[in-house]
Amino acid sequence: MVDAVIFDVDGTLVDTNYVHAVTWWEAFRQYGHDVPMARVHRAIGMGSDKLLDHTLPQDRDTADDDEMRAAHRHLYGEFWTRLRAFEGAAELLRACASRGMKVVLASSADEREMEALRAALDAEDAIADTTSSDDARESKPAPDIIEVALARAGVRPDQAVFVGDTVWDIQACAKAGLPCIAVLTGGISRQELAEAGAAAIYDSVADLLRHLDDSLIAGV
């Protein structure tokens, strides 16, 4: 078995990707940007800095960027008390911890948002550590957050496995040097995840839990 499992949170453990897509879409609309929601969805998993550059025109006036981020935080914050973990999420974290692995949540969420995500998960007994947006200079697909998570787990990349849901997770893992198990619950297709280089793909964290002893996490 590996010594640590590092988990993405949004779209992997907690069902938030489409909430993010809607609230970013509305934040953009408020500042005069008509962005197809499918395009917004494909950028979820990036940090807000890269998400704006990925979805909005490069020649835009960036003076409104901070206000758009604030609008998204406000709109998304309205959903915090209604966030729900995916079936099997807490159980998977506990199963990993019970097997002696360190469980680290690697997220670019800010501290307050991270509190809401952890409340939705309700698995504090299994979580060894977490990251937040304050811990990295660059967001995914840069490897910074994953490297911080590895350091907090006290392991090398070859001693860990990452679980995520987007191509940005997979790209960040490739740069950090560890395999990425992908799940389909973020709304990205199996083909896209496979082409990005996912080491294994499961329908959900519940599906991964059912096959845990035959997975990369178990050293298979």
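Predicted model, so just to flag it, every value in this text is computed and none were measured.
- For the pair Glu138 and Lys50, the salt-bridge criterion is met [side-chain N within less than 4.0 Å of a carboxylate O].
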> Passes salt bridge (Lys or Arg N to Asp or Glu O under 4.0 Å), Arg94 versus Asp125? Steps please.
Replying inline: CA-CA 8 Å; Arg94 292 190 175 102; Asp125 53 300; 2.9 Å; yes
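- The shortest side-chain heavy-atom distance between Glu87 and Val205 does not fall under the 4.5 Å cut-off.
- Ala153 approaches Ala4 most closely through the heavy-atom pair CB-CB, 3.9 Å.
- With hydrogens and angles ignored, the 3.5 Å screen pairs no side-chain donor or acceptor of Thr12 with any backbone N or O of Val9.
- Met101 is connected to Leu13 through a chain of hydrophobic side-chain contacts under 4.5 Å among Ile, Leu, Val, Met, Phe, Trp and Tyr, so both are in one cluster.
- For the pair Arg152 (side chain) and Thr130 (backbone), a donor-acceptor distance under 3.5 Å is present.
- Between Lys140 and Asp8, at least one side-chain nitrogen of the basic residue sits less than 4.0 Å from a carboxylate oxygen of the acidic one, meeting the salt-bridge criterion.
- Under a hydrophobic-cluster definition in which Ile, Leu, Val, Met, Phe, Trp and Tyr are linked whenever side-chain heavy atoms come within less than 4.5 Å, directly or via other members, Val5 and Leu93 are assigned to the same cluster.
- For the pair Asp203 and Arg190, the salt-bridge criterion is met [side-chain N within less than 4.0 Å of a carboxylate O].
- Formation of a donor-acceptor pair under 3.5 Å by the Glu192 side chain with backbone atoms of Ser189 is found in this model.
- For the residue pair Asp165/Thr185, the side-chain donor-acceptor check at 3.5 Å is not satisfied.
- Checked by atom type, the side-chain pair Asp144/Ser139 shows no donor-acceptor distance below 3.5 Å.
- What you find for Leu178 and Ile146 is that their closest heavy atoms are CD2-CG2, 3.5 Å.
- Put simply, Val163 and Val155 are part of two different groups of oily side chains (I, L, V, M, F, W, Y) that touch within less than 4.5 Å, one to the next.
- Ala85 approaches Ala120 most closely through the heavy-atom pair CB-O, 3.6 Å.
- Around the CD atom of Gln191, the shell of radius 6.0 Å holds no more than 12 heavy atoms that belong to other residues, nucleotides or ligands.
- Note: His72 and Tyr76 have parallel aromatic rings, judged against thresholds of 30 and 60 degrees for the angle between ring planes.
- The distance from the OG atom of Ser132 to the CD1 atom of Ile145 is 7.0 Å, given to the nearest 0.5 Å.
- The backbone N or O of Ala176 lies less than 3.5 Å from no partner atom in the side chain of Glu147, so there is not a single donor-acceptor pair.
- Contact detail for Ile170 and Ala182: the closest heavy-atom pair is CD1-CB, 4.5 Å.
- Contact annotation: the side chain of Ile127 approaches that of Leu105 to within less than 4.5 Å [non-hydrogen atoms, C-beta and beyond].
- Residue Asp214 holds its CG atom at 7.0 Å from NE2 of His211, rounded to the nearest 0.5 Å.
- A donor-acceptor pair under 3.5 Å links the side-chain atoms of Asp110 to the main chain of Glu113, judged by distance alone.
- Atom CZ of Arg137 has 12 or fewer heavy atoms from other residues, nucleotides or ligands within 6.0 Å.
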>> If you apply the rule salt bridge (Lys or Arg N to Asp or Glu O under 4.0 Å), what do you find for Arg118 with Glu111, and how did you get there?
In response: CA-CA 10 Å; Arg118 291 177 72 158; Glu111 291 288 351; over 6 Å; no
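- Looking only at side-chain heavy atoms (C-beta outward), Asp49 and Arg69 come within less than 4.5 Å of each other.
- Pairing each heavy atom of Gly11 with each of Phe86, the nearest pair is O-CE1, 3.4 Å.
- The shortest heavy-atom contact between Tyr18 and Gly187 is OH-CA, 3.3 Å.
- For Trp168 and His54, the gap between ring centers is short of 6.0 Å.
- Atoms CG and CD, on Asp122 and Glu124 in that order, are 8.0 Å from each other to the nearest 0.5 Å.
- Rounded to the nearest 0.5 angstrom, Arg73 CZ and Glu78 CD are separated by 14.0 Å.
- Under a 3.5 Å cut-off, the side chain of Arg60 and the backbone N or O of Pro57 do form a donor-acceptor pair.
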> Are Leu208 and Ile181 close enough, and set up right, to give a side chain to side chain contact (heavy atoms under 4.5 Å, CB included), and what steps lead you there?
Replying inline: CA-CA 9 Å; Leu208 174 55; Ile181 294 172; 4.3 Å; yes
> Can Phe28 and Val40 be said to form a side chain to side chain contact (heavy atoms under 4.5 Å, CB included), step by step?
Replying inline: CA-CA 10 Å; Phe28 293 153; Val40 179; 4.1 Å; yes
> Does the pair Asp3 and Lys102 meet the rule for a side chain to side chain contact (heavy atoms under 4.5 Å, CB included), with working shown?
Replying inline: CA-CA 6 Å; Asp3 295 318; Lys102 292 182 180 177; over 6 Å; no
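- Connection of Leu193 to Tyr202 is not established within any shared hydrophobic cluster, with ILVMFWY side chains joined at heavy-atom distances below 4.5 Å, either directly or through further cluster members.
- To the nearest 0.5 Å, the span separating NE2 on His41 from NE2 on His20 amounts to 11.0 Å.
- How far OG1 of Thr166 is from CD of Gln171: 8.0 Å, rounded to the nearest 0.5 Å.
- Under a 3.5 Å cut-off, the side chain of Lys175 and the backbone N or O of Pro141 do form a donor-acceptor pair.
- Considering Leu83, Val19, Leu117 in turn, Leu117 is the only one that fulfils the side-chain contact (heavy atoms from CB on, under 4.5 Å) rule with Asp10.
- Between the side chain of Thr131 and the backbone N or O of Ser107, at least one donor-acceptor pair lies under 3.5 Å.
- His33 places no side-chain N or O within 3.5 Å of a backbone atom of Thr55 that could act as its donor or acceptor partner.
- Of the charged side-chain nitrogens involved, at least one lies within less than 4.0 Å of a carboxylate oxygen, so that Asp213 and Arg99 count as a salt-bridged pair.
- Residues Phe79 and Trp24 do not share a hydrophobic cluster, clusters being chains of Ile/Leu/Val/Met/Phe/Trp/Tyr side chains in contact below 4.5 Å.
- In this structure a side-chain-to-backbone donor-acceptor pair under 3.5 Å is missing from Asp15 to Arg84.
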> Does the pair Leu212 and Ile217 meet the rule for a side chain to side chain contact (heavy atoms under 4.5 Å, CB included), with working shown?
Replying inline: CA-CA 7 Å; Leu212 185 60; Ile217 294 173; 3.8 Å; yes
